[in-house]
Amino acid sequence: MPRPRLFLPLLLSVLLMVGCTTPPQVDVAAEVQAIRELDRQWQAAVDAKDVEATISFYAPDAVKMEPNAPTIVGIDRFREAFEAWLPLPNVSNQFAPDLIEVAASGDMAWDRGTYHFVMETPDGPIEDVGKYLMVWKKISGEWKVIAECGNSDLPAGQE
């Protein structure tokens, strides 16, 4: 039978060691660069009009909210949305991050930037400029967008 006097100091030592461990340090600057590179790859997928590559940056249950449109939820709805306009001729959607912030924990981030969208239609060209906000989450070691919202800089009715 163990002696209580010996067991108690051992237990306290183990608890102190566990309580004093520090979480692993996150290289926030490296994570910002990783997301910046993902933005670059994402833009290349959009430029190539590659729907599957474009949606690969979203989490399976991602949400997208844009003006004058229903909320898109889930990768299947993202696929449908991108299939509707991305392959069209004379479509361009350029975006660029202005600021990327990564949480100290290294598992969440947000990306704020601007976009410029142009599309030819039978009624003439449609052009829009505006800003976006994306929320990134590290899922199984990979950064994925879990939420995206964009809105136009143009006056209402002109977007």
Side-chain angles (χ1 to χ4, degrees), residues 20-159:
C20 293
T21 59
T22 58
Q25 294 296 317
V26 174
D27 185 344
V28 172
E31 298 296 345
V32 167
Q33 287 307 315
I35 293 172
R36 196 169 298 281
E37 175 59 20
L38 289 171
D39 277 337
R40 190 195 64 70
Q41 292 172 16
W42 195 351
Q43 182 65 66
V46 170
D47 291 346
K49 300 179 180 286
D50 185 334
V51 171
E52 290 304 313
T54 300
I55 66 171
S56 73
F57 296 92
Y58 293 97
D61 57 348
V63 175
K64 183 173 185 158
M65 298 173 285
E66 293 185 336
N68 309 313
T71 300
I72 298 171
V73 180
I75 204 70
D76 291 334
R77 298 297 163 264
F78 277 85
R79 182 177 290 106
E80 291 170 8
F82 281 107
E83 285 175 343
W85 67 267
L86 190 58
L88 296 173
N90 301 317
V91 167
S92 172
N93 186 35
Q94 301 295 309
F95 64 95
D98 295 329
L99 179 65
I100 298 171
E101 293 278 339
V102 174
S105 61
D107 61 348
M108 296 287 291
W110 59 276
D111 174 347
R112 182 190 77 204
T114 58
Y115 68 85
H116 181 212
F117 177 81
V118 179
M119 182 170 95
E120 293 291 330
T121 72
D123 297 329
I126 296 174
E127 184 171 1
D128 189 21
V129 294
K131 60 257 178 217
Y132 69 83
L133 181 66
M134 290 188 282
V135 178
W136 295 80
K137 182 176 183 180
K138 205 168 242 190
I139 301 171
S140 300
E142 292 185 47
W143 286 110
K144 295 291 183 178
V145 171
I146 60 169
E148 178 181 1
C149 184
N151 56 62
S152 178
D153 289 342
L154 301 177
Q158 292 185 12
E159 65 274 336

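Keep in mind that what you see is a predicted model, and the values were worked out from it rather than measured.
- Shortest non-hydrogen contact noted between W110 and L99 is CH2-CD2, 3.6 Å.
- Listed by first and then second residue, the salt bridge (charged side-chain N to carboxylate O under 4.0 Å, His left out) pairs that reach into residues 103-121 come to none, sequence neighbours excluded.
- The shortest non-hydrogen separation linking I35 to A109 is CD1-CB, 3.4 Å.
- Smallest separation of non-hydrogen atoms from P67 and G150: CD-O, 2.9 Å.
- With sequence neighbours excluded, the residues satisfying ring-ring contact (aromatic ring centres under 6.0 Å, His included) with F78 are Y58.
- Closest of all the heavy-atom pairs between V26 and G106 is CG1-CA, 3.6 Å.
- Atom-to-atom distance recorded for F117:CZ and I126:CD1 is 6.5 Å, nearest 0.5 angstrom.
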Which side-chain N or O atoms in residues 140-147 pair as donor and acceptor under 3.5 Å with protein atoms at least two apart or in another chain?
| unit_1 | atom_1 | unit_2 | atom_2 | d |
| --- | --- | --- | --- | --- |
| W143 | NE1 | E31 | OE1 | 2.8 |
| K144 | NZ | S56 | O | 2.5 |

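- Between Q94 and D47, the shortest heavy-atom distance links the atoms NE2-OD1, 3.1 Å.
- Using a 3.5 Å distance cut-off with no hydrogens or angles, the side chains of E37 and Q33 do not pair a donor with an acceptor.
- Residue K138 qualifies as enclosed at atom NZ: its count of foreign heavy atoms under 6.0 Å is above 12.
- For the atom pair D50 CG and W42 CH2, the distance stands at 13.5 Å (nearest 0.5 Å).
- When all heavy atoms of T54 and L86 are compared, the closest pair comes out as OG1-CD2, 3.6 Å.
- Pairs engaging residues 58-71 under the salt bridge (charged side-chain N to carboxylate O under 4.0 Å, His left out) rule: K64-E66, K64-E148 [sequence neighbours left out].
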### Task
Assess whether side-chain contact (heavy atoms from CB on, under 4.5 Å) is satisfied between L38 and W136, documenting all intermediate values.
CA-CA 11 Å; L38 289 171; W136 295 80; 3.8 Å; yes

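- Listed by chain and number, the residues in a ring-ring contact (aromatic ring centres under 6.0 Å, His included) with F82 are W85 (sequence neighbours excluded).
- Atom SG in C149 sits 11.5 Å away from atom CE in M134 (nearest 0.5 Å).
- Not a single side-chain hydrogen bond (donor to acceptor under 3.5 Å, both in side chains) links D27 to another residue, sequence neighbours left out.
- Using a cut-off of 4.0 Å between Lys/Arg side-chain N and Asp/Glu carboxylate O, R36 and D39 are scored as not salt-bridged.
- Using a 4.5 Å heavy-atom cutoff, the side chains of K49 and V91 are in contact.
- D98 is listed as a side-chain neighbour of T114, based on a closest heavy-atom distance under 4.5 Å.
- Q43 and N93 are not linked by any side-chain donor-acceptor pair at a separation below 3.5 angstrom, with hydrogens and angles left out of the test.
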